Amino acid sequence: MKSALSLETVATCSTTKARVNKLILPHGLVDTPVFMPVGTQGSLKGFTPKAIEDMNCQIMLNNTYHLGLKPGQEILDQVGGSHAFQNWNGNLLTDSGGFQMVSLLKLAEITEQGVQFQSPHDGSLMMLTPEHSMSLQNSIGSDIMMQLDDVISSLTTGPRVEEAMWRSIRWLDRCIKAHQKPETQNLFAIIQGGLNPDLRKLCIDEMVKRDTPGYAVGGLSGGEEKEEFWKIVTLCTDLLPKSKPVYCMGVGYAEDLVVCVALGVDMFDCVYPTRTARFGNALTMNGIISLKSGKYGTDFGPIEQGCGCDTCRDYTRSYINLVSRDPVGGRLVSVHNVYFQLRLMREMREAIKRDEFPSYVKQFFKSYFKESS
Ligand code: GUN
Ligand code: ZN
């Protein structure tokens with residue numbers, strides 16, 4: 001199908017599958033491997049889009065489900081989409097909505113037609129179909145739009161796994177048909193199939209035939225064993241076309257980012273860095289530190305020596321400990337944590353370009369798991 005992106009390989013690691021690409025999207029360049037912070041309600045919790053831009057973030061994630069409810073399609077159409085609405089000039093990726101509904105709303109019910117749910121505003125029954133998700137994402141104007149998929153927990157076994165995989169393929173076909181702007185917006189397929197390698201292979205075969213501009217690996221990072229997770233990611237990056245970007249959905253722990261980059265993944269997203277920040281947890285290259293614990297009450301250094309973020313420039317661990325129960329504390333740690341993720345990705349890209357990625361990985365694991373509190 002038509003695509004509105006190009007992928008140019010800059011460097012590949014000689015001993016792992018890690019690769020550095022220039023991904024050119026309608027709103028500019030994205031250097032991959034990339035971590036995409038998640039702005040659920042149009043902006044990252046506690047950030048203005050300008051603050052995200054100042055961190056040199058080239059792409060962020062929005063959710064169709066949230067934007068479709070508020071501000072809603074009519075207002076999005078009036079202002080000309082989410083870039084204009086948020087005054088965000090970088091790239092946007094939107095998740096299709098099904099995952100958010102299934103994970104947030106206990107009342108969501110999946111049928112062949114789509115995902116049915118109760119509106120959190122007035123309790124009325126609403127239905128998100130592949131057609132409706134595409135229409136909303138066309139109104140949002142995201143640079144990358146995700147197909148509506150039938151999402152199940154990664155721990156589900158039995159016939160439901162195969163049913164969800166085939167339904168995701170049928171829904172992809174409906175998304176392709178409903179997509180109004182393939183010249184300016186890229187539709188990504190989402191590989192499902194649980195932890196079953198045969199189902200994953202089947203799904204990849206079918207979805208690669210559809211020739212979408214990129215592919216995501218879905219249905220992972222839901223509490224499965226790491227070995228199983230790595231096995232499925234390995235299978236996917238082995239079988240998916242090298243000429244297209246591969247996106248591992250919902251992955252954001254630093255150790256998972258490092259391993260998945262080695263396995264050849266290009267794109268990641270996760271609410272983890274901002275969510276854990278609101279609990280007072282700061283990510284550093286020397287491990288995760290709890291700024292709520294009181295241990296840092298008289299520590300007048302920054303969260304992390306040498307970090308270039310606004311929080312580390314202006315505030316001490318001691319001050320952040322004091323305000324850690326206030327929204328401002330969450331915001332300060334969020335800024336640092338998102339910056340940390342972006343910096344980790346940049347350091348990996350630089351190591352791959354120098355062909356020193358394996359030693360970077362070794363050094364990362366040694367320091368990240370050295371101390372934690
Ligand atoms: N976010 C994390 N995992 C998934 C998934 O499998 N599908 C979708 N649409 N979003 C996700
Ligand atoms: Zn910092």
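Numbering of ligands and ligand atoms starts at 1, following listing order. Everything quoted here is computed from the prediction, not taken from an experiment.
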Check: Which of the listed options, T94, D95, V217, holds the heavy atom that is closest to atom 8 (C) of ligand 1?
Finding: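 Result: the heavy atom closest to atom 8 (C) of ligand 1 is in D95.
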Next item on the list: Could you tell me whether E304 and R343 make a salt bridge, using a distance below 4.0 angstrom between a side-chain N and a carboxylate O?
Entry: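 Salt bridge flag = yes for R343 with E304.
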Item checked: Salt bridge flag under 4.0 Å for residues R170 and D173 ->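 Not counted as a salt bridge, because no side-chain N and carboxylate O are separated by less than 4.0 Å.
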If you have a sec, work out which protein heavy atom is nearest [atom] and how many Å separate them, to one decimal?
atom	answer
atom 6 (O) of ligand 1	G219 N, 2.7 Å
atom 4 (C) of ligand 1	F99 CD1, 3.5 Å
atom 7 (N) of ligand 1	D149 OD2, 2.7 Å

Margin query: Using ring pair (Phe, Tyr, Trp, His ring centres under 6.0 Å), reason through Y253 and Y272 one step at a time and then give a plain yes or no.
Written below: CA-CA 7 Å; Y253 295 145; Y272 169 69; 4.6 Å; yes
Note to self: Quick one about K292 and S324 (side-chain donor to acceptor, distance below 3.5 Å, no hydrogens or angles considered), yes or no?
What the structure shows: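 Result is no, nothing qualifies.
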Margin query: Hydrogens and angles aside, do Q100 and N63 bring a side-chain donor and acceptor to less than 3.5 Å of each other?
Written below: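 On atom types as modelled, these side chains qualify, holding a pair under 3.5 Å.
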Margin query: Using heavy atoms and a 4.0 Å limit, tell me yes or no: is Q100 in contact with ligand 1?
Written below: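 False for this residue.
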Check: Taking the N/O/S atoms of H336 one by one, which is nearest to the Zn ion (ligand 2)?
Finding: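 The atom in question is ND1.
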Check: What do we get for I190 next to ligand 1 when only non-hydrogen atoms under 4.0 Å count, side chain, backbone, both or neither?
Finding: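 Side chain only.
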Notebook entry, point to check: Taking non-hydrogen atoms only, is Q192 closer than 4.0 angstrom to ligand 1 via side chain, backbone, both or neither?
Noted result: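 The answer is the side chain of Q192.
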Next item on the list: Could you grab the distance from atom NZ of K226 to atom CD of E255, nearest 0.5 Å is fine?
Entry: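 Reported to 0.5 Å precision, the distance equals 5.5 Å.
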Checklist line | Heavy-atom check, side chain of N21 versus side chain of D266, under 4.5 Å | finding: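 Side chain of N21 against side chain of D266, heavy atoms only: contact under 4.5 Å found.
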Margin query: Please report, to 10°, the angle around the Zn ion (ligand 2) from atom SG (C312) across to atom SG (C309).
Written below: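 It comes to 110°.
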